[in-house]
J.: 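Pasting a structure here, questions to come.
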Amino acid sequence: MFAESEYCGADFSEAELLDEEIRLITFRGCRFTGAKLSGSLLTGCRFEDCDFSAAELNGVIAVRCAFLNCRFRFVGCFAAEFRDCKMTGSSFEETNCTAMQIHAGDWSYTWLSGMDFRRQTLSGVNFTEADLSGCDFGKATLRECNFTGANLNRASFRQADLRGSRLERVNLSAIDLHQAKIDLEQAILFAESLGAVYTP
């Protein structure tokens, strides 16, 4: 379907792109509202200021793609995979991310408020300054993630594995950490947030 290497302002609304293989194409200011991309493989693509509202991305595999300042609203992302993708500035609203997998990548400054990430593996993800307020990470594996400066107000990490993750400039008192797995450095941060002083 895509004959060009770059598209600016194109409208792909309601397009049928099921099980497509899309490689090394740049999309700037394009509309994918209501488009069906389920089962597609996206490799090395770049999306800037694109609108994916109400699109179907179930089972999509995105590898080393960039989604910059894109909008994902009422999107189906069931069992989608994002492998080493850059998502900076993008927003997700009312998105079904059940069984979604995020392998590393840069999700800094994204808006993910209220998302359900229970039991998911999100290791090595950069969530710097992201809005993760109200997110549920219950029983999730979050090893080596970077939450520096992220908004984690009312976020739940019940029984999650946070070992090796960075939590600087985070309001730790606003997080539910019941039975979460943490390392020594994190334990010191939590103690200091309560006014204690670590003395070896």
Side-chain angles (χ1 to χ4, degrees), residues 37-43 45 47 52-68 70-168 170-172 174-183 186 190:
L37 292 94
S38 295
S40 292
L41 172 61
L42 313 178
T43 305
C45 293
F47 301 85
F52 288 88
S53 295
E56 295 181 14
L57 303 177
N58 301 312
V60 160
I61 299 177
V63 182
R64 295 185 301 278
C65 292
F67 297 85
L68 309 178
C70 292
R71 187 182 188 191
F72 297 84
R73 187 167 185 262
F74 300 121
V75 172
C77 282
F78 177 81
E81 293 185 41
F82 294 89
R83 302 176 184 173
D84 200 22
C85 292
K86 186 178 181 66
M87 312 295 290
T88 306
S90 291
S91 63
F92 290 74
E93 303 173 54
E94 302 295 331
T95 294
N96 176 16
C97 61
T98 304
M100 188 171 81
Q101 299 180 49
I102 302 175
H103 305 280
D106 186 355
W107 290 64
S108 58
Y109 299 94
T110 53
W111 194 89
L112 299 162
S113 181
M115 297 281 282
D116 186 349
F117 293 106
R118 286 176 293 177
R119 295 182 174 84
Q120 296 188 28
T121 298
L122 309 172
S123 297
V125 183
N126 179 17
F127 286 115
T128 298
E129 300 287 348
D131 188 340
L132 302 169
S133 57
C135 284
D136 191 344
F137 294 99
K139 297 184 178 179
T141 299
L142 301 158
R143 301 294 298 272
E144 307 298 333
C145 290
N146 186 356
F147 292 98
T148 301
N151 178 3
L152 294 173
N153 186 40
R154 296 176 289 100
S156 174
F157 291 90
R158 282 177 165 254
Q159 299 181 53
D161 188 348
L162 280 162
R163 289 174 293 177
S165 292
R166 297 181 58 183
L167 294 162
E168 290 87 352
V170 168
N171 182 8
L172 299 175
I175 305 173
D176 182 354
L177 289 160
H178 184 70
Q179 294 186 339
K181 295 179 181 178
I182 60 176
D183 57 31
Q186 293 165 344
F190 296 137

J.: One pair to check against side chain to side chain donor-acceptor pair (under 3.5 Å): Ser133 and Ser113. What are the steps and the verdict?
T.: CA-CA 5 Å; Ser133 57; Ser113 181; 2.9 Å; yes
J.: Drop me the distance from Cys97's SG to Phe92's CZ, to the nearest 0.5 angstrom.
T.: 9.0 Å
J.: Looking at every non-hydrogen atom in both residues, tell me the closest pair between Leu162 and Gln186 and how far apart they are.
T.: O-NE2, 2.5 Å
J.: Write down the atom of Phe67, the atom of Ala62, and the distance for their closest heavy-atom approach.
T.: CE1-CB, 4.2 Å
J.: Ignoring hydrogens, what is the shortest heavy-atom contact between Phe147 and Val170? Give both atom names and the distance.
T.: O-CG2, 3.2 Å
J.: Take a 6.0 Å sphere around CD of Glu168 and say whether it holds more than 12 heavy atoms from other residues, nucleotides or ligands.
T.: yes
J.: Report the distance from atom CZ of Arg64 to atom SG of Cys45, rounding to the nearest 0.5 Å.
T.: 11.0 Å
J.: So, Thr141 and Asp161: side-chain donor and acceptor under 3.5 Å apart, yes or no?
T.: no
J.: Quick one, Thr98 and Asp116 - any side-chain contact, counting heavy atoms below 4.5 Å?
T.: no
J.: With distance as the sole test, does Asn58 use its side chain to make a donor-acceptor pair with the main-chain N or O of Phe78 at under 3.5 Å?
T.: yes
J.: Measure the spacing between CG of Leu112 and CD of Glu93 and express it to the nearest 0.5 Å.
T.: 10.5 Å
J.: Kindly give the heavy-atom pair with the smallest separation between Asp131 and Trp111, and that separation in Å.
T.: OD2-NE1, 3.2 Å
J.: Where does the angle between the aromatic ring planes of Phe47 and Phe52 fall among parallel (under 30°), tilted (30 to 60°) and perpendicular (over 60°)?
T.: perpendicular
J.: Flag the pair His103 / Asp84 as yes when at least one side-chain heavy-atom distance between them is below 4.5 Å, and no otherwise.
T.: no
J.: Under the salt bridge (Lys or Arg N to Asp or Glu O under 4.0 Å) criterion, do Arg163 and Asp183 qualify, and how do the steps go?
T.: CA-CA 5 Å; Arg163 289 174 293 177; Asp183 57 31; over 6 Å; no
J.: Over all heavy atoms of both residues, which pair between Ala130 and Trp107 is shortest? Give the atoms and the distance, please.
T.: CB-O, 3.8 Å
J.: If you measure from CE on Met115 to CG on Asp136, what distance do you get to the nearest 0.5 Å?
T.: 12.0 Å
J.: Is a side-chain donor or acceptor of Ser108 paired with a backbone partner of Thr128 at a separation under 3.5 angstrom?
T.: no
J.: Given side chains that start at C-beta, do those of Lys86 and Leu68 come closer than 4.5 Å, heavy atoms only?
T.: yes
J.: Could you check whether atom CZ of Arg143 has more than 12 heavy atoms from other residues, nucleotides or ligands sitting under 6.0 Å from it?
T.: yes
J.: Measure the spacing between CZ of Phe127 and CG of Leu122 and express it to the nearest 0.5 Å.
T.: 5.0 Å
J.: Drop me the distance from Gln120's CD to Lys139's NZ, to the nearest 0.5 angstrom.
T.: 14.5 Å
J.: If you look at every heavy atom in Leu42 and Cys65, which pair is closest and at what distance?
T.: O-SG, 3.4 Å
J.: Please assess Leu142 against Phe157 for the test side chain to side chain contact (heavy atoms under 4.5 Å, CB included), listing each intermediate value before the final yes or no.
T.: CA-CA 10 Å; Leu142 301 158; Phe157 291 90; 3.5 Å; yes
